[in-house]
Amino acid sequence: MDKKMKLAVIGKPIGHSKSPEIHQHFANQFDAKIEFRKDEVTSETLATWLADFFKDGGKGVSITLPLKEAALNYVDEISDRARLASACNVIYAKDEKLFADCTDGFGLVKDIEENLKVSLKDKKILILGAGGAARGIIPSIIEKDPASLKIANRTESKALLLKEDLEGKVDLKGKSLIVEAGGLTDDFLLADSYDLVINSTAVSTQAGKSLGLPKALFKGINFTYDLFYSAEKTLFMQESLENGVEKVSDGWGMLVEQGAESFRLWTNLIPDTSRLLEKPID
Ligand code: NAP
């Protein structure tokens, strides 16, 4: 790559995004020259921003909140992963066309199965939350053939809608997979037991706020994963450990792995994620 490849991350808020540092780290591995912008963009300014960026030779964009669904309206092709998620977290230009993809599920599954060495196959999985992140990760989890999947969300109707959407897009019967959806209530949560719990709610972004999960929920659970990442253990991770869960993780590894997959889509290069996984960027 002689000329600098133009890349960016967009969303609102955007100040906290580590994408420029992560992608610079990947680019350095190949001596690739990149220019990575971090721009605040809203649903109102998205169309113009994308048109200007790609007209100006832009190659790829990371899409974050609140644009992941809206961005699908401005591309020529949508990948199966993004279609299943009804959302995208990456756009790239290729052969005069714009493509949208969703690498969040790939990132989560890679982090859990390869980095953390926890297999999802035949596991009873509870997913807390039914927002954009849950939509992004569930199709990739289903591909790994878990025994069961339960989606519990504070607003029950959103969990039910997500389940309905999934049933319309994935052959769950062919996979012999029962998906259940319900509210974040003790009755619904405690009606089953689980091997692992994934917190995809945004509760960890709210300082000091707990999901108030019943202690009995953690009985027999080996592993919990919080999609949110921070220097300190999240409250959800702390509560898991206090209630006997042996292994917990935050979503830093997912962020790095989804970024690596986006970088591959932009450059055709597969970066080594090992150093970033060890040591988060400050
Ligand atoms: P979102 O679309 O806004 O959805 C938020 C979800 O959290 C909804 O299910 C919402 O429930 C629930 N929620 C929010 N506050 C809650 C509370 N106090 N108690 C219970 N439930 C609550 O957000 P998102 O895009 O799904 O993101 C969710 C989390 O995933 C964030 O922490 C984000 O940082 C993280 N994330 C991480 C990565 C990564 O690479 N590591 C990637 C994507 C997202 P209602 O439906 O009832 O409002």
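Both ligands and their constituent atoms are indexed starting at 1 by order of listing. Nothing fancy with the numbering, it's 1 onward along the sequence.
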Could you identify the single nearest non-hydrogen protein atom to atom 29 (C) of ligand 1 and state the distance to 0.1 Å? Thr201 O, 3.5 Å
Which ligand 1 atoms does Leu255 reach within 4.0 Å, using its non-hydrogen atoms? 40 (O), 41 (N)
Geometric N/O contact Leu211 with ligand 1, under 3.5 angstrom: no
Which atoms of ligand 1 have any heavy atom of Gly132 under 4.0 Å away? 2 (O), 26 (O)
In terms of residue, atom name and distance, what is the protein heavy atom nearest to atom 15 (N) of ligand 1? Gln206 NE2, 3.0 Å
For residues 185-204, which residue pairs qualify under salt bridge (charged side-chain N to carboxylate O under 4.0 Å, His left out), counting only residues two or more places apart or in two chains? Lys150-Asp192
Could you check Asp122, Ile112, Ile125, Leu120 and say which one makes a side-chain contact (heavy atoms from CB on, under 4.5 Å) with Lys144? Leu120
Joint hydrophobic cluster, Ile127 plus Leu162, side-chain heavy atoms closer than 4.5 Å: yes
Run the numbers for me: atoms of ligand 1, each under 4.0 Å from some heavy atom of Phe228, listed by number. 32 (O), 34 (O)
Here's a test for you: under ring pair (Phe, Tyr, Trp, His ring centres under 6.0 Å), which of Phe54, Phe99, Trp266 qualifies with Tyr92? Phe99
Between ligand 1 and Ala134, is the shortest N or O to N or O distance under 3.5 Å? no
Please report the shortest heavy-atom distance between Ala130 and Ile151, naming the atom on each side. CB-CG2, 4.2 Å
Around atom 7 (O) of ligand 1, find the nearest protein heavy atom and jot down its residue, atom name and distance. Ala202 N, 2.9 Å
Closest approach of any protein heavy atom to atom 28 (C) of ligand 1, naming residue and atom: Ser200 O, 3.2 Å
Can you see which heavy atom on Cys102 is nearest to which on Ala87, and at what distance? CB-O, 3.5 Å
So is Ala130 touching ligand 1 or not, going by heavy atoms under 4.0 Å? yes
Hey, is atom 3 (O) of ligand 1 touched by any protein heavy atom at less than 4.0 Å? no
What are the atoms of ligand 1, with element, lying closer than 4.0 Å to any heavy atom of Gly131? 2 (O), 4 (O), 9 (O), 26 (O)
Please could you name the atoms of ligand 1 that Leu65 approaches to less than 4.0 Å, counting only its heavy atoms? 25 (O)
My understanding is that we take every heavy atom of each candidate and find the minimum distance to atom 47 (O) of ligand 1. Doing that for Ile137, Leu184, Ile198, Thr155, which one comes out nearest? Thr155
Considering all protein heavy atoms, does one lie under 4.0 Å from atom 33 (C) of ligand 1? no
How far apart are the C-alpha atoms of Glu239 and Asn243, what are their side-chain angles, what is the distance that settles it, and do they pass the side-chain hydrogen bond (donor to acceptor under 3.5 Å, both in side chains) test? CA-CA 6 Å; Glu239 287 166 357; Asn243 288 296; over 6 Å; no
Atoms in ligand 1 flagged as close to Thr205, the criterion being non-hydrogen separation under 4.0 Å: 32 (O)
Kindly confirm or rule out an N or O of Arg154 lying under 3.5 angstrom from an N or O of ligand 1. yes
Hey, does Gly129 come in under 3.5 Å of ligand 1, counting only N/O atoms on both sides? no
Tell me whether the count of non-hydrogen atoms from other residues, nucleotides or ligands lying under 6.0 Å of CG in Asn268 goes above 12. no
Sort and list the pairs that fulfil ring-ring contact (aromatic ring centres under 6.0 Å, His included) and have at least one residue in residues 215-248, not counting sequence neighbours. Tyr229-Trp252
For Tyr229, is at least one N or O under 3.5 Å away from an N or O on ligand 1? no
Against heavy atoms of Lys68, which atoms of ligand 1 measure under 4.0 Å? 43 (C)
Students often mix this up, so state it plainly: with edges at 30° and 60°, are the rings of Phe26 and His23 parallel, tilted or perpendicular? perpendicular
Nearest heavy atom to atom 8 (C) of ligand 1, choosing from Asn153, Leu213, Ile127, belongs to Asn153
Do you know the tightest heavy-atom contact between Ala100 and Val75? CB-CG2, 3.7 Å
With only distance considered, is Leu227 within less than 3.5 Å of ligand 1 through an N or O on each side? yes
Any Asn153 side-chain heavy atom under 4.5 Å of Leu184 side chain: no
Give me the residue, atom name and distance of the protein heavy atom closest to atom 25 (O) of ligand 1. Ala133 N, 3.6 Å
OG of Ser62 to CD1 of Ile14, rounded to nearest 0.5 Å, is 8.5 Å
To which protein heavy atom is atom 38 (C) of ligand 1 closest, and what is the distance rounded to 0.1 Å? Met254 CE, 3.8 Å
Without swapping roles, check the side chain of Lys110 against the backbone of Gln258 for a donor-acceptor pair under 3.5 Å. no
